[in-house]
Structures are given as C-alpha cells and as structure tokens.
Amino acid sequence: MTTPQEKAAAARKAAEDAARVAAEAMAAAEAAEQEAAASSAAAPTDGEAAAADGGSGTASPESDSARPAAATGAAAKIAEGYAFSGPALELGTVMVDGVADPVARVRIPLRMMNRHGLVAGATGTGKTKTLQGIAEQLSRAGVPVVMADVKGDLSGLSEPGADTEKIRARAAETGATDWAPGTFPTEFVSLGTGGIGVPIRATITSFGPILLSKVLGLNDTQESTLGLIFHWADQRGLALLDLKDLRAVITHLTSPEGKEDLKGIGGVSSQTAGVILRSLVNLEADGGDTFFGEPELDPADLLRTAGGLGMITLFELGQQAARPALFSTFLMWVLADLFQTLPEVGDVDKPKLVFIFDEAHLLFAEASKAFLQQVEQTVKLIRSKGVGVFFCTQLPTDIPNPVLSQLGARVQHALRAFTPDDQKALAKTVRTYPKSSVYDLEEALTSLGTGEAIVTVLSETGAPTPVAWTEIAPPRSLMDTIGEEAIKSKALSSALYGKYGQSVDRESAYEMLLASVAAAAPAPESAPAPGRSTPQDQDSAAERIMANPAVKSFLRSAASAAGREISRSIFGTRRR
C-alpha cells in the first residue's frame, strides 16, 4: 500500500518532469523565433528599409553606410509600425530589455502633426528636451512653432549645442549618426511690457469675456455678467482696449444713467460689479495692465519662416509669474485668434504651425464649463486650419478627457507613483495606450530613465502605432538657457520690436464716456464782463461743449454705433 509520503514524492517528481518538458519546449520556441528574426534581417521588408533610410524627406536624413543592417527581434517588430513612407520627425530608437537598437527608429509622420499630441512626465524626466528636439525638426521642415517657455529653458534653441562625447554617444545610440550642433531662428517675446522679450499685448475687446473670466477667477454668474458688459460696449461701439476702459464701462453701468441703458437686456448688480472691479484691481497690481492694450499681436507674425526654416516663437512670462493662469490663457487666446483668421486647408503634407502649451495644467485648473467647452471645440476644429497643438504637463489626467481624446501622439516620460492618487493616475494612463505584448506598461512607466519615454503616435493611415519604449535623441541646439542679457539683446534687434516695442493709447471707451459726461453737464452761467459783447454775441455753453474735439469724436462714434456690434465667436473673442 502506497503511503501518503510516497504519493507526495511521486507527485513532486511528475511536476518536475512537466516543468523540464515545458522549459525545453520554451527553449525550442525561442530558438525558432531567433532563426526567423535572423532570416528577416538578412532580407528586410520594404517598411524596414524605409525605417533604415529615415524615410524620404525626413528632418534628419542619414547615409545607409552609417547604420547597422537592420533591427532584430521585438525591436524590429515595433519599428515596422513606425516605417512611414513620407517625411517624419525622428524621436529616437526602440528599447527592449534596457538596450536601444539604433536601427529600430521611432518617428512621427509630419503630415500627422496637426492631429495634436501630449508630452507628459514627472519633473526632471526630460520633457523639455523632447519638446526642444521636436521644435528643431519642425523648424528644419519649414514649419513655424509657438512655444511657452515658462522656465526659460528653451532659449538655447538660438545657440548651437555642446559637442561632447556623451552627446555624440547618445546620438549614435538613438540612430542620429549625422548629429551636429545647430541653431534655429528664434523670436523672444514676453507677455506684457515687463518682460525681457518683445512685449506682446491683446486688447480687452479682442480677449473676450470667457477668457477674461478665467484670468479673473470669476464664477459662472459673474462670467455671465461680464458677458453682458461686453455686449453693451459692443453695441455702443465702445472699444475696450485696456483695463481702464473696462473699469469705466462697469462704473457707468452701475450708475443711474447706466441702469437705464441696460433696461430690456438685463442688469448689472452692484455686488457683482464690485467683485469684478476688485478682481481687475488685483490683476492690475500683478502687472496685468501691461498686457492689455495696443499694438495688439498680429497672428501673421507667428507664421513666418527665415531662410527656409520655420520661426520658433518663445513666449516667456515676464512679470506675469505671479499669475501663470493669465499666461496660459493668453496662449489660448492666440490659438483662438489663429482659428478665426486662418483659412480652411483640410489635410496637408505638413502643418502651417505647431502650437506647444507647456505647463498645460494651468490652462484647465478651476476652469468654467464654458471655457472647457471652447477649448475642446478649438482643439477639435483647428486641425482643419493646418495647426497642430501639443500639450505638455506632468500627468495625462491634467488634461480633460474630451481634449485628451483629440491628441493623436503620446510621448509619456516617467511617472511617479508615491501616493494613492499617483497610483490612480498611473492606472488611468496605462488604459490610454494600446496593449503591448512586449512591455508591462504599468511597470515600464515607473521605470523609465531620464530621456526615455513610452510612445505611440498615429500612422499615416490614422491607426495607432505599436507602443515603443523609446530612447529620445538629443537636441542639436544648446540644452541650457542663454541668459537674460542675451535674450534682451536678441529681442531688441528683432524686427518685431519696432512693431510692438512702444505702447499706444488711442481714444477708447474711457475717453468716450468722459466726453459723454462732459456733454451732459450743464455749464455755469456767468454775468457778462463790463464793456464786453452781449450774451447773444457769445457762444452758448452747449456750443462750446459741441466744439470740443473729444465730444465731436464721441458723437461720431455714437452715431455710427448702430449695426456696429463687434462680431464674436469662439471664447467670445472679437473676429478680426
């Protein structure tokens, strides 16, 4: 009779035999796969050859003799998904098991750059350098770029990069065998007159009530009231150019005369007006008054090229560091302005402009429902104008889902998962990627090194590419700031400085309302001086007021106000 101990020993032996057989089978399967990979390497497919060649018209072509024959194994399979026939931007090379294959290229089709994208990752993981490399290649392809340089790290685009052994080695690892230091045409502009770049402004009228409400931190009721104030000013032909114009209109509408003007279209409560006025005062104290005014930015100045290279326009905060929400919201105004001014072009071989929002979480933090809806609409529709939009932030969850769903390219640098909220964000991020048989994405996203990213983009047919753990190629320009003095010097020598350098304060709502008060005020009567002409020979008080140039200007404006309401569309911004 078999004892329990003997039964256990027999079962253990059977399990060991089964494990040995399974291991042998696995080894045989791996050997077969390696043999098949070696065969495909000896005779690469057309797609692999295209990947090795860098594609026709790519931003960084390389000679065939400078490369290994072909990628192998899992890296080669992934690289097949990035072997595009048309021009493409080179991001880097595929990594498997910690090893980068210089031939397994990861790329973004140039014609798909207007399908938008996301560059995300924790602080210090390499997001800025990834954006720098993308901007360089777009410029080389003749595509202008607008970037938010929140920390001043991107000014190095205007100077050649350091030629060191370390950078050369990384360039070789990432397949950029033709790497050489380079510079790119760069404009330095600042939000308002307090920065170190060319001052850029917007008028209150053009900015619109929805964007201004975001800057002022107004609630839905206050935003609605501000919209009514803009509507009234538009109907009267009163140009709101700067903060004093808006304050003058609000003050008028809360006066007895102003309340009469608003009969039939609503009213402005003194309490709500007080909140808006206090917010305007705080904005002015933080330097916002230097931003609103004229001359206003002309979107055409963002669409320039220089010597066949796309112009890279870098926006820095200037004195708006205390109000980063104003900075990000202003960039949204620029995008909305482009949407309204550019013609429809449909699908094009390369975008007319690529717009990059750094610190994108500032754009969506505490935003109203109306604001979020307009951002979603802008991102969704501006693709047909030939404009691509890339958001850069720490977590993909910083971007609202309706906007996130519009972003075709994903470049995800390392995530940190130190807290329960971090873990939830990590799990949500994993679900936004196609499934991978090569990587455990949850583990990969927390294991990425600096300058490495998990990438998927849209192919030329619009299908998502395979997930690729990518070693990012180094930029060719300087990976450091050039310093404030150098930026100031470049800004002062720019052609844009002559256009935007000096503020202009022309007649607007403030002056017009002052003139109307003067016109309505009765003139004091005085006795004629002895020996002077009789009262009938003197100009009446009304005639003297009517002769005042300011009053004449106001009356001309009022007379032509009928039918002159400013046309508004997206974000309530003015149509040009």
Side-chain angles (χ1 to χ4, degrees), residues 26-27 29-30 32-34 36-37 40-41 45 47-48 51 68 70-84 88-109 112 117-122 124-127 129-130 133-134 170 173-175 393-397 399 404 407-418 422-459 463-473:
M26 182 63 72
E30 289 177 353
E33 287 179 357
Q34 291 175 358
S40 67
T45 64
E48 290 165 344
T72 59
K77 279 190 171 183
I78 294 172
E80 286 180 8
Y82 295 86
F84 311 123
L89 308 186
E90 304 283 348
L91 286 180
T93 53
V94 179
M95 295 183 69
V96 176
D97 296 330
V99 178
D101 189 327
V103 180
R105 311 298 288 273
V106 178
R107 312 157 77 224
I108 306 179
M112 302 304 286
L118 172 70
V119 178
T125 56
K127 300 189 301 295
K129 303 314 169 195
T130 297
I134 289 174
R170 187 177 184 93
E173 288 177 4
T174 55
T393 187
Q394 293 198 13
L395 296 171
T397 51
I399 310 297
L404 193 62
L407 310 182
R410 308 286 179 89
V411 181
Q412 177 66 62
H413 289 267
L415 289 175
R416 308 297 181 223
F418 299 138
D422 292 342
Q423 291 283 356
K424 290 180 182 177
L426 175 61
K428 288 181 180 179
T429 301
V430 169
R431 291 198 295 271
T432 65
Y433 279 86
K435 293 188 178 299
S436 172
S437 61
V438 179
Y439 311 112
D440 178 338
L441 287 181
E442 189 163 332
E443 180 181 349
L445 287 171
T446 57
S447 304
L448 291 163
T450 302
E452 299 174 2
I454 296 296
V455 175
T456 183
V457 303
L458 293 181
S459 69
T465 58
V467 173
W469 186 326
T470 306
E471 183 174 12
I472 303 297

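- Each of I454, T456, T130, L118 was evaluated against V411; a single residue qualifies, T130, per the side chain to side chain contact (heavy atoms under 4.5 Å, CB included) test.
- Summarising the geometry, atom OG1 belonging to T450 is positioned 10.5 Å from atom NZ belonging to K127; distances are rounded to the nearest 0.5 Å.
- Considering all non-hydrogen atoms of both residues, L458 and P464 come closest at CD2-N, 4.1 Å.
- No side-chain heavy atom of R416 sits less than 4.5 Å from a side-chain heavy atom of Q394.
- Within the 4.5 Å cutoff, side-chain heavy atoms of V94 are placed close to those of V106.
- Among all heavy-atom pairs drawn from A75 and A104, the shortest one is O-CB, 3.6 Å.
- Of the possible donor and acceptor atoms, none in the side chain of T465 sits under 3.5 Å from a partner among the backbone N and O of S459.
- Remark: D440 engages E442, E443 in a side chain to side chain contact (heavy atoms under 4.5 Å, CB included) (not counting sequence neighbours).
- Residues meeting the side-chain hydrogen bond (donor to acceptor under 3.5 Å, both in side chains) test with T470, sequence neighbours left out: none.
- For the pair I78 and A468, the tightest heavy-atom approach, listed with the atom from each and the gap, is CG2-CB, 3.7 Å.
- One distance of note links CG of D422 with OG1 of T446; it measures 11.5 Å at 0.5 Å rounding.
- For T397, there are no side-chain hydrogen bond (donor to acceptor under 3.5 Å, both in side chains) partners two or more places apart in sequence or in a different chain.
- Closest heavy-atom contact between I472 and A453: CD1-CB, 4.3 Å.
- Each side-chain hydrogen bond (donor to acceptor under 3.5 Å, both in side chains) pair with one or both residues in residues 424-438, not counting sequence neighbours, appears once here: R410-T432.
- With Y439 contributing its side chain and V96 its backbone, the two residues share no donor-acceptor pair below 3.5 Å.
- Atom OH of residue Y82 and atom OG1 of residue T93 lie 12.0 Å apart, to the nearest 0.5 angstrom.
- Note that NZ of K77 is 8.0 Å distant from CD of E80, once rounded to the nearest 0.5 Å.
- Atom CG of D101 sits about 11.0 Å away from atom CD of E471, to the nearest 0.5 Å.
- The distance from atom CD of E173 to atom CE of M95, rounded to the nearest 0.5 Å, is 8.0 Å.
- Listed here is the closest heavy atom pair of V457 and P109: CG2-CD, 4.3 Å.
- At least one side-chain heavy atom of L415 sits under 4.5 Å from a side-chain heavy atom of L395.
- Evaluation of the side-chain hydrogen bond (donor to acceptor under 3.5 Å, both in side chains) rule for Q412 yields no partner, not counting sequence neighbours.
- Considering only heavy atoms from C-beta on, L91 stays 4.5 Å or farther from T174 through its side chain.
- Here E452 pairs with W469 under the side-chain hydrogen bond (donor to acceptor under 3.5 Å, both in side chains) rule; sequence neighbours left out.
- In this structure the side chain of T393 reaches within 4.5 angstrom of the side chain of I399, judged on heavy atoms.
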